[in-house]
Amino acid sequence: MLENGHVSVTTAETGGISVCRMSHTEIDGRMSRLHFEYLIGRPAGIERATEVHDLGLFTPEEMHECFRQAELQVTFEPVGLSGRGLYVARAA
């Protein structure tokens, strides 16, 4: 479940590159804003990058109605790829 003020950290290392991604979530009504800050470490030094994702928040009923209007058949996998569920839609 998405929480206002949620902070997370993910790190990874491979081939001499280390990456740290920290995120912060803001919820405003039916919109969420995810702030991402990256530190990318290489032998030549450390770089910093940022990005912001603005995402709409929809009910399952609204999602199903959008798929129906697009004439798609939809199933919902409750676990999905990341444990948060996944909609799979196909042409009817």
Side-chain angles (χ1 to χ4, degrees):
M1 173 131 207
L2 200 57
E3 293 180 35
N4 192 45
H6 179 75
V7 174
S8 68
V9 176
T10 304
T11 61
E13 295 181 54
T14 186
I17 300 173
S18 298
V19 178
C20 174
R21 179 185 82 174
M22 183 171 266
S23 67
H24 177 262
T25 302
E26 294 177 16
I27 298 175
D28 183 11
R30 298 201 47 191
M31 294 294 294
S32 65
R33 175 168 284 137
L34 307 178
H35 298 267
F36 294 100
E37 298 282 339
Y38 300 90
L39 292 175
I40 305 117
R42 297 182 174 95
I46 297 173
E47 299 172 46
R48 182 176 178 167
T50 64
E51 56 183 4
V52 176
H53 295 192
D54 290 320
L55 306 169
L57 302 172
F58 302 95
T59 67
E61 295 78 19
E62 290 169 325
M63 295 290 290
H64 281 273
E65 179 59 17
C66 288
F67 290 126
R68 187 193 67 73
Q69 288 183 20
E71 299 180 357
L72 298 172
Q73 294 179 343
V74 65
T75 58
F76 181 72
E77 301 293 332
V79 175
L81 302 172
S82 63
R84 296 180 293 190
L86 175 70
Y87 287 97
V88 178
R90 295 185 173 93

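Atoms considered below: every heavy atom in the structure, side chains included; atoms not considered: hydrogens, waters and symmetry mates. All values reported here derive from a predicted model rather than from experimental measurement.
Nearest heavy atom pair, residue T59 against residue R30, reads N-NH2, 4.2 Å. The shortest non-hydrogen separation linking L57 to G29 is CD1-O, 4.0 Å. Across every non-hydrogen atom of L86 and G80, the tightest pair is CB-CA, 3.7 Å. The minimum heavy-atom distance linking P43 with G16 is given by the pair CD-O, 3.4 Å.
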| task | Run the numbers on S18 and T11 for side chain to side chain contact (heavy atoms under 4.5 Å, CB included), then give the verdict. | result | CA-CA 7 Å; S18 298; T11 61; over 6 Å; no
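Side-chain contact between H24 and F36: absent, with no pair of heavy atoms (C-beta onward) separated by less than 4.5 Å. Side-chain contact check for V9 versus R21: every heavy-atom pair is 4.5 Å or farther apart. With contacts defined as side-chain heavy-atom distances shorter than 4.5 Å, the pair I40/I17 qualifies. Looking only at side-chain heavy atoms (C-beta outward), S23 and V7 stay at 4.5 Å or farther from each other. Using a 4.5 Å heavy-atom threshold, the side chains of L34 and L55 count as touching.
Side-chain heavy atoms closer than 4.5 Å link hydrophobic residues (I, L, V, M, F, W, Y) into clusters, and following such links, even through other members, never connects V52 to M31. Residue M22 is not grouped with residue L2 when hydrophobic side chains (ILVMFWY) are merged at heavy-atom distances under 4.5 angstrom, including chains of intermediate members. V19 and L39 fall into different hydrophobic clusters, defined by Ile, Leu, Val, Met, Phe, Trp and Tyr side-chain heavy atoms under 4.5 Å apart, directly or through other members.
Here the straight-line distance linking atom CZ of R90 with atom CD of Q73 works out to 9.0 Å at 0.5 Å rounding. To the nearest 0.5 Å, the span separating OG on S32 from CG on D54 amounts to 7.5 Å. To the nearest 0.5 Å, the span separating NE2 on H35 from OG1 on T50 amounts to 10.5 Å.
Using a distance-only test at 3.5 Å, with no hydrogens or angles considered, a donor-acceptor pair links the side chain of N4 to the main chain of I27.
Under the 3.5 Å distance criterion, with hydrogens and angles disregarded, no donor-acceptor pair is assigned to the side chains of E77 and Y87.
Summarising the local packing, CD of Q69 is surrounded by more than 12 heavy atoms from other residues, nucleotides or ligands at distances under 6.0 Å. Other residues, nucleotides and ligands contribute at most 12 non-hydrogen atoms within 6.0 Å of the CG atom of D28.
Relative ring orientation between H64 and F67 is described as perpendicular, the plane-to-plane angle rising above 60° on a 0-90° scale split at 30° and 60°.
Taking a cutoff of 4.0 Å between a charged side-chain nitrogen and a carboxylate oxygen, R48 and E37 qualify as a salt bridge.
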